[in-house]
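Everything numeric here is computed off the predicted structure, so don't read it as measured data.
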2 protein chains.
Amino acid sequence: MSLRCALLAQLNVEELSGYELTRRLAGSPGLFWQARSQQIYPELVRLEEQGLLTSRVVEQASRPDKRLYAITEPGRDRLREWVLSESPPSFAKDDFLMKVWSYGMVDPAAARRALSLHRTHHELRLARFEEAARVGSPGGAEALDARQFGEQLTIHAGLHVERSLLAWCAMAEEWLRERETAMRPSATEKGQTA
Amino acid sequence: MSLRCALLAQLNVEELSGYELTRRLAGSPGLFWQARSQQIYPELVRLEEQGLLTSRVVEQASRPDKRLYAITEPGRDRLREWVLSESPPSFAKDDFLMKVWSYGMVDPAAARRALSLHRTHHELRLARFEEAARVGSPGGAEALDARQFGEQLTIHAGLHVERSLLAWCAMAEEWLRERETAMRPSATEKGQTA
DNA sequence: TTCACCATGTAACACGTTACATGATTGG
DNA sequence: CCAATCATGTAACGTGTTACATGGTGAA
């Protein structure tokens, strides 16, 4: 439903090919919304059928030909409407937290290792967001054009979330360390229940 | 894939019916993983076919009979393995942030209204997490049993994330206010591009 | 020559949501 | 009598992933 609108949002800025859209959705917007080419190409066809996009083939020497998609007026209308529509927050469906839910039932030391590995993922993501923030706003806090403005907002959302999750990881590791030492003396069966 | 394990995690604590599991996954752990009965019942059947669960029918007077599911040893093995397995962070696929990406292209005042509505959702969720933290750890910081330990960890993850998102909302609303006033003087065509 | 990049797809499957369907008991 | 709660499902659909498939160009 909203891959549809993610594509419209990109094409609202400029004309792009399916290939280039695929690359975009692995870049900065892809930090919180990724999609694969196999999903994108058919979706573009559907959007054109619905009149939200038009396309034209551009012949290229020394490269395969490509089909450039452009947004139409109905497409812009659809996008505008969608952008301002309400959306419930979607921090639901988290694999990792479902695992953490059982951390009281496994060996605390093993849990702590898993957690610390997970933390490295978030450190990496934070670094990516920081990089994106630097690259995306060269003129500093102000002087953002229309596209950069929204992009920077989303990047900062990422920064906020990643930092808070790293803080949580530190707290959780501490909890596990405490649990570890609290269980050590009496833990003849290694404290495993799960 | 991990609804499977979400169910195993619940049943690792106690024997439950499909109905009760449905209720659980709309409660405290369900704050970050929800599933509907229509998905749960068939999944339980599949898990039993695979030998990860067993079930027995309990006849009830004055209530419909119910089928209680219990985890088996292979089920526990599967769960243990899953709990400690690596999972990449999953803050991907966020509808709302995809919308925010286009906030530079719509009327800033309208965007700010949408954002402020979104903020109320997060305020509500934060309140739910705070309530869950209070109810779930009556004995204070320590004295958590095996189940409460993991549950509290996940609840605190929720607390961290919700607070950071509220901070971000405040920042974003401020950005939009600034953009609003910056555009107002020269904005004869109301500043809409999208 | 081999690898990476450009460029576009199809097919099968897994996962999740919506809508529909049934039927008993308890409390207001 | 009506609504809510207990209890369990089926069917259709939409979305997303994995695997498979093709073929040209440019650089090392």
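Atom CZ of Arg24(A) and atom P of dA7(C) are 13 Å apart (whole Å). Summarising the geometry, the separation between CG on Asp65(A) and C1' on dG24(D) is reported as 11 Å, rounded to the nearest angstrom. One atom, CZ of Arg67(B), and another, C1' of dC6(D), lie 16 Å apart when rounded to the nearest Å.
Within residues 42-55 of chain A, no residue approaches DNA chain C, by heavy-atom distance under 4.0 Å.
Side-chain N/O atoms of Gln60(A) include none lying less than 4.0 angstrom from OP1 or OP2 on dC6(C). In this model, the phosphate group of dT8(C) is not approached by any side-chain N or O of Tyr19(A) to a distance below 4.0 Å at OP1 or OP2. Side-chain nitrogen and oxygen atoms of Tyr41(A) include none within less than 4.0 Å of the OP1 or OP2 phosphate oxygen of dG9(C).
With sequence neighbours left out, Phe96(B) forms a side chain to side chain contact (heavy atoms under 4.5 Å, CB included) with Ser87(A), Asp94(B), Val100(B), Tyr103(B), Leu115(B), His118(B), Trp168(B). The salt bridge (charged side-chain N to carboxylate O under 4.0 Å, His left out) test applied to Glu173(B) returns Arg119(B), not counting sequence neighbours.
Using a 4.0 Å cut-off between charged nitrogen and carboxylate oxygen, Arg76(A) and Glu73(A) count as a salt-bridge pair. By the 4.0 Å N-to-carboxylate-O rule, Arg147(B) lies too far from Glu14(B) to be salt-bridged with it. Taking 4.0 Å as the cut-off between side-chain N and carboxylate O, Glu174(A) and Arg177(A) count as a salt-bridged pair. A salt bridge is absent between Glu130(B) and Arg134(B): the closest approach of a Lys/Arg side-chain nitrogen to an acidic carboxylate oxygen does not fall below 4.0 angstrom.
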For nucleotides 17-20 of chain D, give me every protein contact, N/O to N/O, under 3.5 Å, one pair per line with atom names.
{"unit_1": "dA19(D)", "atom_1": "N6", "unit_2": "Gln38(A)", "atom_2": "NE2", "d": "3.0"}

Collect all protein-nucleotide pairs involving nucleotides 25-28 of chain C in which both atoms are nitrogen or oxygen and the distance is under 3.5 Å.
{"unit_1": "dT25(C)", "atom_1": "O3'", "unit_2": "Ser62(B)", "atom_2": "O", "d": "3.1"}
{"unit_1": "dT26(C)", "atom_1": "OP1", "unit_2": "Ser62(B)", "atom_2": "OG", "d": "3.3"}

Inset, instruction - Start with the C-alpha gap between Lys66(B) and Glu20(B), add the side-chain angles, then the distance that decides, and say whether salt bridge (charged side-chain N to carboxylate O under 4.0 Å, His left out) holds. - result: CA-CA 10 Å; Lys66(B) 63 180 169 184; Glu20(B) 184 56 26; over 6 Å; no
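The rotation axes computed at either terminus of the helix from dT1(C)-dA28(D) to dG28(C)-dC1(D) lie 30° apart, taking five pairs at each end and rounding to 10 degrees.
Counting heavy atoms from C-beta outward, Leu8(B) and Asn12(B) have side chains that stay 4.5 Å or more apart.
Gly51(B) and Thr72(B) get closest at one heavy-atom pair: O-OG1, 2.7 Å.
Other residues, nucleotides and ligands contribute more than 12 heavy atoms inside 6.0 Å of the CZ atom of Arg112(B).
Taking the nucleotide of DNA chain D with the nearest heavy atom to each of Arg23(B) and Tyr69(B), the more 5' of the two is matched to Arg23(B).
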